[in-house]
Chemist: 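A single structure is presented below for examination.
Below, chains carry the letters A, B, ... as their sequence lines are ordered, and counting in each starts from 1. For the numbers below, each heavy atom of this structure counts, side chains included, while hydrogens, waters and symmetry mates do not.
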Amino acid sequence: MTKYQPKEFEESIKQLWEKEKVYLTIDLPAGRQGHRPSAIDSKKMYCLSMFPYPSGAGLHVGHVRIYTGTDVLARYFRMKGYEVLHPMGWDAFGLPAENAAIKAKKNPMDMVPNNIANFKRQMNMLGLSYDWSREFATTDPSYYRFTQWLFIQFFKMGLLYKKNTPINFCPSCKTGLSEEEVLPNGTHERCGKMITKKDLPQWIFRITTYAQRLLSDLKGLDWPEGILTMQRNWIGKKEGINITYKVVPPDPVSSSLPTSARALRAVGNPGTAATRSTGVEITCFTTAPVNFGMTFIVVAPEHPLVKKIMDGRIKVSEAERKNVIEYYEKSIKKSDMDRQAEGREKTGIFTGLYATNQVAGWDVPVWVSDFVVGHVGTGAVQGCPGHDYKDFEFAKKFNLPIIRVVEGKNGDRSQIERMDQIVVKGMKGKMMNSKFLDGLDFAEGLEKTMDYIEKNNWGKRVASYHLRDWIFSRQRYWGEPIPMVYCESCAKKEVSWWTTDEGKAFQKEYQNISKADQTIQKEMGGWFPLVEQDLPLKLPYVKSYEPTDTGESPLSAIDSFKNTICPNCGGLAVAETDTMPNWAGSCWYFLAFPFWNKEKANSKLEIQNLKSIENFKVQISNSSWPPVDWYLGGAEHAVLHLLYARFWVKALQDLGLLSFSEPFLRLRNVGMVLAEDHRKMSKSYGNVINPDDVVAEYGADALRIYEMFMAPFNMEISWSTKALQGGYRFLNRIWQLFHTPDKIKGDTEDKQVKKLVVSLHRTIKKVEGDVAQTKYNTAIAAMMEFLNEWEKGTVGLSYSEAKKFLQILSPFAPFIAEHLWRDIYKEKTSICISSWPAVDEKQLVASEIQLPVQVAGKVRGVLTISASAPKEEAEKLALLDEKIKKHIGENKYRSIYVPGKILNFVLSG
RNA sequence: GCCCGGGUGGUGAAAUGGCAUACACGCAGGACUUAAAAUCCUGUGACUUUAAGUCGUGAGGGUCCGACUCCCUCCCCGGGCACCA
């Protein structure tokens, strides 16, 4: 008897697949001949794993899990007759690569190809069925030229602007840092010193203009419910109202009073906006306009009103101006850590100004406090301390009046003194102290207030989103250069791209979708995209690319890169030196695989082809492969990557390049693979498992089977070498069976054989159903169960039925399946492209089933009975059972009968 | 504090309203072997000496003929966000 020794055949099987090009995909819809021309009319299935960053460490066993999971799908659908696209590429730009290269004192450009070669070797070793002819890395100039081209289109649409934005900066290392390099306690992960913020001009994506569509389109996606919820919460839509309040000057009567007394003084006094005014307004966003209980306004330190007070455009007393300046300086310097240390303890300062609450008809004092956040809502809140916890804390701290306008539990109308008395939006209660609203339900009262405010033109209902615009600049070397040029002389002449002929034509063509309003056009004056035919704007190969001590991009130190000419006027101009973030390449890679041709894309001819951009547009918009049918990846990308990619697809749809609005129809998460000690695998713990070692000892199939079998696909697992050996044993037993002639030569007329065949077909059906739900663990368990039955029985399967078992095994363990397929069955074409065995449904209809019988809810017996037997028959049969009879005893009973499921005798006395 | 996961044998887990613990690991005993490894066979939730049975899916309550599964209250573990108006 030969032994199962995967080492002896896995390598040659791998070469066979390569030689026979079994994974090549045809191009849709152009219909170039693939290996199965007849499949051109069949349904398509685009199966994609989130592509990896090719690190120097090689594949992690976690990678093996996700890529095998997608591979099982791809292999299954191929055999089911679908035309399958299953590509792989490399997300090679970004911080990890750059930092690794800095450490190794190499240029990432030199390191990345080696890492890719190693990843690719390991993937082939695992038998992953990729169509490598479509491979690319986001760092290939032939790829990132299009990333840059897309950037330019988004710029033209008015989706990008430049603005001073704080970046993380380490004063000790003199370097700009990304979010992930800053530890939660506000220190730099490498040197341990506190980081600070530094203002630098940054490219910003106006993702917020798509907030509503990003929210609405979630409906109808076949994604895990938890991920959908997280996306919804991230976008965070809130319906409310913006109310505009007129700011009135300090009250001359009370100007001699101390600040605290003056802050209180106005409340309850008649509103004075009609007679006095500073000409300034404050707009507050609120979801609960409880205006009859509103006793103050608080603005964020970043609010424009604060600037106006500080520079004297609004007159307040000198003492109050000083207070405001002091408070501003202090709060602007506060790091997140300081603010956390303060906890919920409120700070703030009275500005000396008032505003008129027109609804209630009184003035309220205006305060500044950093519990109000500049970028949330309008950066100003109306204080209603009886009906908001934070407002309550603030009012308590500064002794501001608290007015109850909604009854509490059991009609409580008492003065609000404690937190637990507060009635907030969503609670029940009747309105009080609210004039025309008195007696209404709280929710109704809010609606009425909003109607009233809108009718008087004091405010407007709006939706506010938690989602913020997306900072797209990185002051780093290892990213796509941003293909933009700034021309100071054009800027001075107030020339923007949209005032050029090209820009005007674009505006006209895309007037319905363009977001390039007057503000954007003005702000972006002097900025011009590179001439599209000149792309790619190549990242220069340089010796030194470490982050600079000014926080600026390393490219800014390279004169030959920085100094350029203006695409508009031809004069001297400055090239943008920031690069794009890691997300850029991954935002559209799934759109590139469908038409990518590795050889062609990288040929000199193609790169010099002036029409290549036009070709690109045609290819990206004509392919019928996208959207992605199955997208598999880790839950850590639940928000950012998925949201960004969805955003780009919507923008491209608006540009007319795509005909669909969502990139990923089905999403499934893969759980992490932890080490045997339940910790993350890490060199420092010495608990890393290398797939190379595992394959060398047990073969690729055993590794695949183990990772698919150990737990549901989306659950976290800890590595277990013992359990891996179980997978190996399973394959070994299959090997032995196929080398035991009696087990694959059953007589098809034999009753025992027929029974075994029924079990096989049941298994085929189970595997089909489970694979389509990514329930790989139970699919494998079903095959194991069948194997046990087959092994233990005295008869075998017929030669042709046994073959079907190999076929259903092949998506999970392709090497052994292919080997036996060719060795035992002498097949000449690959099992990968054979047709999935048809289930003989007729055989599966069982004439008799095992029916559990309960007495008073407890199982007391099992009947062998026809699945469709009538109740009378089942009952009669059950009562023949001594044990059942005994448990019923002398009791009266009635019975519940669900045919095929259960018979339950319910006792009644 | 809020949001998202999760809690079932010694272990990974199965069952999504109908026989709780499939499948696998581990363990124990046995076979084969000079021996070990490998392989095969048998057993394996707890309690009850045996039998017959009782209990049992984080805790408590509810709905139902029937609940791991649905509803309510709470506890614990993991992840994320956090003064979000």
Side-chain angles (χ1 to χ4, degrees), chain A residues 1 3 224-234 236 238 240-241 284-289 298 300 336 339-340 342-347 369-373 375-384 387-391 393-394 424-425 464-466 468 635-636 638-639 669 671-672 678 705-706 709-712 714-727 729-730 732-733 736 775 777-788 791-792 850-862 883 886 893-898 900-908:
Chain A
M1 174 81 63
K3 255 192 98 182
E225 203 44 56
I227 304 286
L228 289 173
T229 308
M230 281 162 81
Q231 289 245 335
R232 275 189 212 107
N233 293 347
W234 190 266
K238 283 201 198 75
I241 186 163
C284 298
F285 173 76
T286 178
T287 56
V298 192
D336 287 352
R339 288 173 77 156
Q340 256 170 13
E342 272 169 20
R344 298 179 71 92
E345 187 67 30
K346 300 286 179 290
T347 61
S369 171
D370 62 10
F371 90 82
V372 179
V373 186
H375 55 76
V376 175
T378 57
V381 300
Q382 48 184 82
C384 307
H387 303 279
D388 180 280
Y389 298 112
K390 277 168 286 135
D391 294 355
E393 285 170 345
F394 193 76
V424 298
K425 191 186 176 185
S464 160
Y465 296 89
H466 176 254
R468 277 188 255 163
E636 67 272 17
V639 179
N669 288 131
M672 281 211 305
H678 303 285
I705 288 280
Y706 160 66
F709 174 64
M710 270 319 283
N714 62 341
M715 296 269 282
E716 188 176 278
I717 55 172
S718 295
W719 184 263
S720 160
T721 299
K722 289 279 188 199
L724 167 73
Q725 286 164 349
R729 249 174 256 162
F730 169 62
N732 188 28
R733 284 163 56 207
Q736 299 308 331
K775 286 168 73 172
N777 57 328
T778 49
I780 292 172
M783 289 191 280
M784 287 174 169
E785 254 174 283
F786 173 73
L787 191 72
N788 287 343
E791 217 176 25
K792 290 206 175 95
Q850 302 294 108
L851 182 81
V853 181
Q854 297 183 330
V855 179
K858 288 203 165 57
V859 177
R860 300 297 179 182
V862 179
K883 200 169 153 189
K886 193 185 118 200
Y893 64 84
R894 64 194 174 92
S895 65
I896 306 277
Y897 178 56
V898 183
K901 295 269 189 187
I902 199 114
L903 172 63
N904 189 5
F905 289 99
V906 184
L907 306 183
S908 52

Chemist: State which of B:A85, B:C23, B:C83 makes the closest approach to the side chain of A:Glu785.
Modeler: B:C23
Chemist: B:A85 P sits how many Å from A:Phe285 CZ, rounded?
Modeler: 8 Å
Chemist: Rounded to whole angstrom units, what separation is found between the CZ atom of A:Arg733 and the P atom of B:C25?
Modeler: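 In whole Å, B:C25 P and A:Arg733 CZ are 8 Å from each other.
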Chemist: Grab the CE-P distance between A:Met784 and B:C25 for me, whole Å please.
Modeler: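 Result: 7 Å.
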Chemist: When you compare B:G78 with B:U73, how far apart are their C1' atoms, in angstrom units rounded to a whole number?
Modeler: 23 Å
Chemist: What nucleotide among B:G18, B:C55, B:C84 has an atom nearest to a side-chain atom of A:Val376?
Modeler: B:C84
Chemist: Output the single nucleotide from B:A85, B:A14, B:C4 whose closest atom is nearest the side chain of A:Thr778.
Modeler: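 From the listed options, B:A14 comes nearest.
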Chemist: Using 0.5 Å steps for rounding, measure from the CH2 atom of A:Trp719 to the OH atom of A:Tyr706.
Modeler: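 Nearest 0.5 Å value for the CH2-OH distance: 5.5 Å.
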Chemist: Using whole Å, what does the distance between atom C1' of nucleotide B:A82 and atom CD of A:Glu345 come to?
Modeler: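 These atoms are roughly 18 Å apart.
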Chemist: Which one of A:Val376, A:Thr286, A:Thr287 satisfies the side-chain contact (heavy atoms from CB on, under 4.5 Å) criterion with A:Lys238?
Modeler: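 Answer to the side-chain contact (heavy atoms from CB on, under 4.5 Å) test with A:Lys238 among A:Val376, A:Thr286, A:Thr287: A:Thr287.
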Chemist: Please determine, for the side chain of A:Lys722, which listed nucleotide (B:A85, B:C65, B:C25) has the closest atom?
Modeler: B:C25
Chemist: Give the rounded distance in Å between these two atoms: OH of A:Tyr706 and C1' of B:C23.
Modeler: 15 Å
Chemist: So what does A:Val381 hit on the nucleic acid, given a heavy-atom distance under 4.0 Å: a base, only sugar-phosphate, or nothing?
Modeler: base
Chemist: Need one value for A:Asp391: base, sugar-phosphate or nothing, where a base atom within 4.0 Å counts as base even if backbone is also close, heavy atoms only.
Modeler: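 The answer is nothing, as A:Asp391 stays clear of every strand by at least 4.0 Å.
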Chemist: According to a strict under-4.0 Å criterion, is A:Lys858 in side-chain N/O contact with OP1 or OP2 of B:C65?
Modeler: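 No, outside the criterion.
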Chemist: Using a heavy-atom cut-off of under 4.0 Å over every strand shown, decide if A:Asp388 touches base, sugar-phosphate, or nothing.
Modeler: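 Contact class for A:Asp388: none.
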Chemist: Using a heavy-atom cut-off of 4.0 Å across all strands, would you classify A:Glu393 as base, sugar-phosphate, or nothing?
Modeler: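 No contact.
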Chemist: Heavy atoms only, 4.0 Å cut-off, all strands: where does A:Arg468 land among base, sugar-phosphate and nothing?
Modeler: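 Contact class for A:Arg468: none.
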Chemist: Does any N or O in the side chain of A:Asn233 come within less than 3.5 Å of the main-chain N or O of A:Gly236, such that one atom is a donor and the other an acceptor?
Modeler: no
Chemist: Reckon A:Gln850 touches a base, only the sugar-phosphate, or nothing at all at heavy-atom distances under 4.0 Å?
Modeler: base
Chemist: Can you check the A:Lys3 NZ to B:U39 P distance for me, whole Å?
Modeler: 8 Å
Chemist: Hey, is the side chain of A:Arg729 poking within less than 4.0 Å of OP1 or OP2 on B:C25, counting only N and O atoms?
Modeler: yes
Chemist: Under 4.5 Å between any side-chain heavy atoms of A:Val853 and A:Val859, yes or no?
Modeler: no
Chemist: Look at all strands and tell whether A:Gly226 reaches a base, only sugar-phosphate, or nothing, counting heavy atoms closer than 4.0 Å.
Modeler: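 Touches sugar-phosphate only.
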Chemist: Do A:Lys346's NZ or CZ and the ring of A:Phe371 fall within the cation-pi criteria of under 6.0 Å and 45°?
Modeler: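 Yes, cation above the ring, under 6.0 Å and within 45°.
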Chemist: Mind calculating the distance between CG (A:Leu787) and P (B:C40) to the nearest angstrom?
Modeler: 10 Å
Chemist: Among the candidates B:A13, B:C83, B:A15, find the nucleotide nearest to the side-chain atoms of A:Met715.
Modeler: B:A13
Chemist: Taking 4.0 Å as the cut-off, does a side-chain nitrogen or oxygen of A:Asn777 come that near to OP1 or OP2 on B:A14?
Modeler: yes
Chemist: Side chain of A:Pro712: nearest nucleotide among B:A13, B:C19, B:A85?
Modeler: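 Looking only at heavy atoms from C-beta outward on A:Pro712, the closest nucleotide is B:A13.
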Chemist: Taking the side chain of A:Thr229 as heavy atoms from C-beta outward, which of B:C4, B:G12, B:C83 is closest to it?
Modeler: B:C4
Chemist: Calculate the interatomic distance between A:Arg894 atom CZ and B:C65 atom C1'; express it in whole Å.
Modeler: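 Distance check: A:Arg894 CZ to B:C65 C1' gives 6 Å.
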Chemist: Check every atom of B:C84, B:A52, B:A24 against the side chain of A:Phe709 and return the nucleotide holding the closest atom.
Modeler: B:A24
Chemist: Under 4.0 Å, heavy atoms only, any strand: does A:Lys792 hit a base, just the sugar-phosphate, or nothing?
Modeler: sugar-phosphate
Chemist: Whether the side chain of A:Lys346 and the base of B:C83 hold a donor-acceptor pair under 3.5 Å is what I'd like checked.
Modeler: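 Indeed there is one.
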